[in-house]
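All values derive from a computational prediction rather than experimental measurement. Per chain, numbering begins at 1; letters A, B, ... match sequence-line order.
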There are 2 protein chains.
Amino acid sequence: MSDRILATYLIETRYPLEQAAAAMAGEQSSGTFRAIPGETPELLARYGARVERIEEIGEAEGESLPFSRPPKAEASARPRRAHVTISWNLENTGTILSSVWSTVLGNLFELHHFSALRLLELDLPDAFTEAYPGPAFAVEGTRRLTGVHGRPIVGTIVKPSVGLTPEATAELADRMISAGLDFLKDDELMGDPPHSPFARRFEAVMQVIDRHADRTGRKAMYAVNISGDMDAMRRQLDVIEKRGGTAAMLVLNSVGLSGVIEIRRHASVALHGHRAGWGLYDRSPALGMSYRAYQKFWRLAGVDHLHVNGLSNKFCEPDDSVIASARECLTPMFRRPDRPDTVMPVFSSAQSAVQAEETYRLLGSEDLIYCAGGGIVAHPDGAEAGVRSIHEAWQAAKQGIPAKDFARSHPALAAALQAFG
Amino acid sequence: MSDRILATYLIETRYPLEQAAAAMAGEQSSGTFRAIPGETPELLARYGARVERIEEIGEAEGESLPFSRPPKAEASARPRRAHVTISWNLENTGTILSSVWSTVLGNLFELHHFSALRLLELDLPDAFTEAYPGPAFAVEGTRRLTGVHGRPIVGTIVKPSVGLTPEATAELADRMISAGLDFLKDDELMGDPPHSPFARRFEAVMQVIDRHADRTGRKAMYAVNISGDMDAMRRQLDVIEKRGGTAAMLVLNSVGLSGVIEIRRHASVALHGHRAGWGLYDRSPALGMSYRAYQKFWRLAGVDHLHVNGLSNKFCEPDDSVIASARECLTPMFRRPDRPDTVMPVFSSAQSAVQAEETYRLLGSEDLIYCAGGGIVAHPDGAEAGVRSIHEAWQAAKQGIPAKDFARSHPALAAALQAFG
């Protein structure tokens, strides 16, 4: 890896590709719309962004996004698509993640040259590992905290998302942990509302968790959602740590980069990164950024778990994209074996026992958190059977036995396949 | 205004509109993908999001975004477009802006029902004014700090964006303030890099500002970019305040909501909100959110100035959109005359003396910050003449004299119209 920041984009433009790429490099480094007196050749050579590579990949049928302004001479040509790699001297930004965000994204999406522009890949120099801590727990630490080895961590999202009292939440947690649940998290819509204040909800659930831990020797992890203003998040983090909690959840896009970085510096529990709002970055193939690039910011900031949707999810994301995202989470970012920075991919969104077999087959790893909401509480034989059905599905997957065969001797799994299949 | 949070969206779907709107309401409140035991009618009535209004606006030619999954029965129908208003009980979120962000945006963009979904309007109950301070300086405070009344605040973005030494930056500031500049800001790419560390750059520019203030009685405002990690931002804010600075700049999308809120609580200087990355929200008409909705989060968080591009800008944004955004900044958000919450719109991006006349004609207000980078430093007679040309252009606009007529007796303006027109 070089000592430059490297970013690769998909672009679509009617400009000559070299000219379009130069516009990107100019906008995101020393340039303005006019050549100006202070912009000496020495300064440009040192601080100007550099176009490293342009690879044309074809013509587009038409413009993917409106409002671009093609040069007059080429107005009738079809836009062309290309992959463009641009690099920056690390001196432009220093190792400040907010500055990197402004530099590799910034005004690029608005440049009039482009009818599509999307960040595909981002490579940061190892110097960033000196500035940011990365995940504190990562995969192994999460296993240590939950006492779960040799299989996925099985979790739930408390449902209904909004409206349960703290007591009802704890009662639900009790039933599911009794049945073997390893992990539970708030829905991203659940924060610190009047009907279920953080402190009461957290305490009620922790009493349940402790009671079961005394019995089983394993402490279920509760990723309680602390996303909010900084003061409140810090206070809540203190409560979690003093009470023996092992995790906190952050809605990454709602809190933002500086907030997440600050919480990581303050925290001694695992940080569960929810990506609600991800559609803003990914829903248009002509805009935004890939998960591959996106997740690097949050891992470097220090999140331990990252959501990746799940197979056959309730959203738009195709299965191959889900698996590719999970693989990214499990791929090291830097050449620092002393600093593990892979994180737990979190499978969530319309998951149930049904998808376990295929998830294991496609991912080839059991390092994941497998979360089901409706797939547990809406199990026809109750939430306890819901939890059991998921454990059974993963046992079958790991032993290489088709779920429908395993289900013959496992009624919870059989009922889940019937209800959710 | 009700005590509910109201959000209006543009949607495009092949589902029956009622069903599509119900999917939005379900996903963003108590729902999961299955009806579940704890979801009682009482709970749904209280905490379920409510579809307030559906207004069909026509058919789309085809799907604006890929990957939606239409119901099989209607797969051949053209998608329909509608405006949908959804409301939430304030009890769902409490007055926590991050929770609101998760609730009104969240997973909506990813729902498989939609081939377009965009947040158009957001109305928050007045209760939010108790939880968040809003702008500390707003329009009047910014005028007081700069000593500029009865005309726009004329500013520059220091260019080249990256690469100037602190001394070169100060030298440039000196020339421009001599010529009557009121305001200067860092480029959003300039943070705290090794070649121009925050502390040295800020001190060098402040010495220039103080020297001119002694002479003129007016202190130019320097919106120095502090966007970064929280600790660094707080330290830099302390330096700014102790040294008598009057502003700090935040790249809103890079810092994020919680970080900006925290800085506002810590700050006693004006906060200059840069929207780099805005294209993520706005570049596709089928996705994201309107500026009308976007700016409300940041104003409530407490930013005093907000970027709106400028007429004939170097980006994709059409002029009518720029003016509409500026009008939003100047429109009160809440019914609290005791708490002014309008903010200074910042016109920036390829601006020069050329656009002043039309900007004043279309906006009908002089409450704005008018920033030029290349339009000042690339003026054929130098940066000083660049500043003068913009003052002259605004004098002409305010007196109702066409710029080209005014230019006959004002050579700096004449040269600017020639060079940039």
Side-chain angles (χ1 to χ4, degrees), chain A residues 29-30 32-34 36 38-39 43 47 65 67 91-94 96 98-99 101-103 105-107 109-110 112 159-164 188-189 191-195 227-230 251 254-259 261-262 276-277 279-280 283-284 287-288 314-316 350 373-374 377-378, chain B residues 29-30 32-34 36 38-39 43 47 65 67 91-94 96 98-99 101-103 105-107 109-110 112 159-164 188-189 191-195 227-230 251 254-259 261-262 276-277 279-280 283-284 287-288 314-316 350 373-374 377-378:
Chain A
S29 59
S30 59
T32 173
F33 73 112
R34 292 275 168 153
I36 54 174
E39 209 172 43
L43 183 144
Y47 302 108
L65 296 171
F67 302 126
E91 282 190 272
N92 282 34
T93 55
I96 299 173
S98 292
S99 297
W101 187 278
S102 296
T103 297
L105 301 171
N107 293 334
F109 304 112
E110 296 177 71
H112 71 79
K159 300 280 182 185
S161 317
V162 177
L164 287 186
E188 76 278 8
L189 299 176
D192 188 16
H195 71 277
S227 310
D229 300 350
M230 292 303 313
V251 182
S254 304
V255 170
L257 196 51
S258 299
I261 290 166
E262 172 76 357
L280 276 168
R283 187 64 179 77
S284 166
L287 186 65
K314 64 183 169 183
F315 299 123
C316 295
V377 289
Chain B
S29 58
S30 58
T32 171
F33 73 113
R34 292 272 168 156
I36 54 172
E39 207 171 43
L43 182 145
Y47 302 108
L65 297 171
F67 302 126
E91 283 189 271
N92 283 34
T93 54
I96 300 173
S98 292
S99 297
W101 186 278
S102 296
T103 297
L105 302 171
N107 294 333
F109 304 111
E110 295 177 71
H112 70 81
K159 301 280 181 185
S161 316
V162 177
L164 286 187
E188 76 278 7
L189 299 176
D192 187 16
H195 70 277
S227 308
D229 300 351
M230 292 302 313
V251 181
S254 303
V255 170
L257 196 51
S258 300
I261 290 166
E262 173 77 356
L280 277 168
R283 188 67 179 76
S284 165
L287 186 65
K314 64 183 168 181
F315 299 124
C316 293
V377 289

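- Taking every heavy atom of both residues into account, His195(B) and Glu91(A) meet most closely at ND1-O, 3.1 Å.
- Contact annotation for Ile96(A): only side-chain heavy atoms (C-beta onward) come within less than 4.5 Å of a heavy atom of chain B.
- Between chain A and the residues Gly259(B), Ser99(B), Ser284(B), the most heavy-atom pairs under 4.5 angstrom are made by Ser284(B).
- Only the side chain of Ile261(A) comes within less than 4.5 Å of a heavy atom of chain B; its backbone N, CA, C and O stay farther away.
- Across Leu257(B), Thr103(B), Asn107(B), Leu105(B), the residue that shares the most heavy-atom pairs under 4.5 angstrom with chain A is Asn107(B).
- Of all heavy-atom pairs between His112(A) and Lys314(B), the closest is CD2-O, 3.0 Å.
- Here the shortest heavy-atom pairing between Gly163(B) and Tyr47(A) reads CA-CD1, 3.3 Å.
- Under the side-chain hydrogen bond (donor to acceptor under 3.5 Å, both in side chains) criterion, Asn92(A) pairs with no residue, sequence neighbours left out.
- Between Ser102(B) and Ser254(A), the side chains place a donor N or O and an acceptor N or O closer than 3.5 Å (distance only, hydrogens not considered).
- For Leu287(A), the part lying near chain B is the side chain, with the backbone staying farther off; criterion is any non-hydrogen pair under 4.5 Å.
- To the nearest 0.5 angstrom, Thr93(A) atom OG1 is 9.5 Å from Leu189(B) atom CG.
- If you measure heavy-atom distances from Leu43(A) to chain B, the contacts under 4.5 Å come from the side chain alone.
- Residues passing the salt bridge (charged side-chain N to carboxylate O under 4.0 Å, His left out) test with Glu262(B), sequence neighbours excluded: Arg234(A), Arg234(B).
- Each of Gly256(B), Gly279(B), Gly191(B) has some count of heavy-atom pairs under 4.5 Å with chain A, and the biggest count is that of Gly279(B).
- Panel note: side chain Ser258(B), backbone Gly228(A); a donor-acceptor pair is recorded below 3.5 Å.
- Of the possible polar contacts, one joining the Ser161(B) side chain to the Ser29(A) backbone as a donor-acceptor pair under 3.5 Å is found.
- Ser98(A) OG to Met230(B) CE: the interatomic distance, rounded to the nearest 0.5 Å, is 10.0 Å.
- Among the candidates Cys316(B), Gly94(B), Pro194(B), the residue making the largest number of heavy-atom pairs closer than 4.5 Å to chain A is Cys316(B).
- Only the side chain of Val251(A) comes within contact range of chain B, with heavy atoms under 4.5 Å apart.
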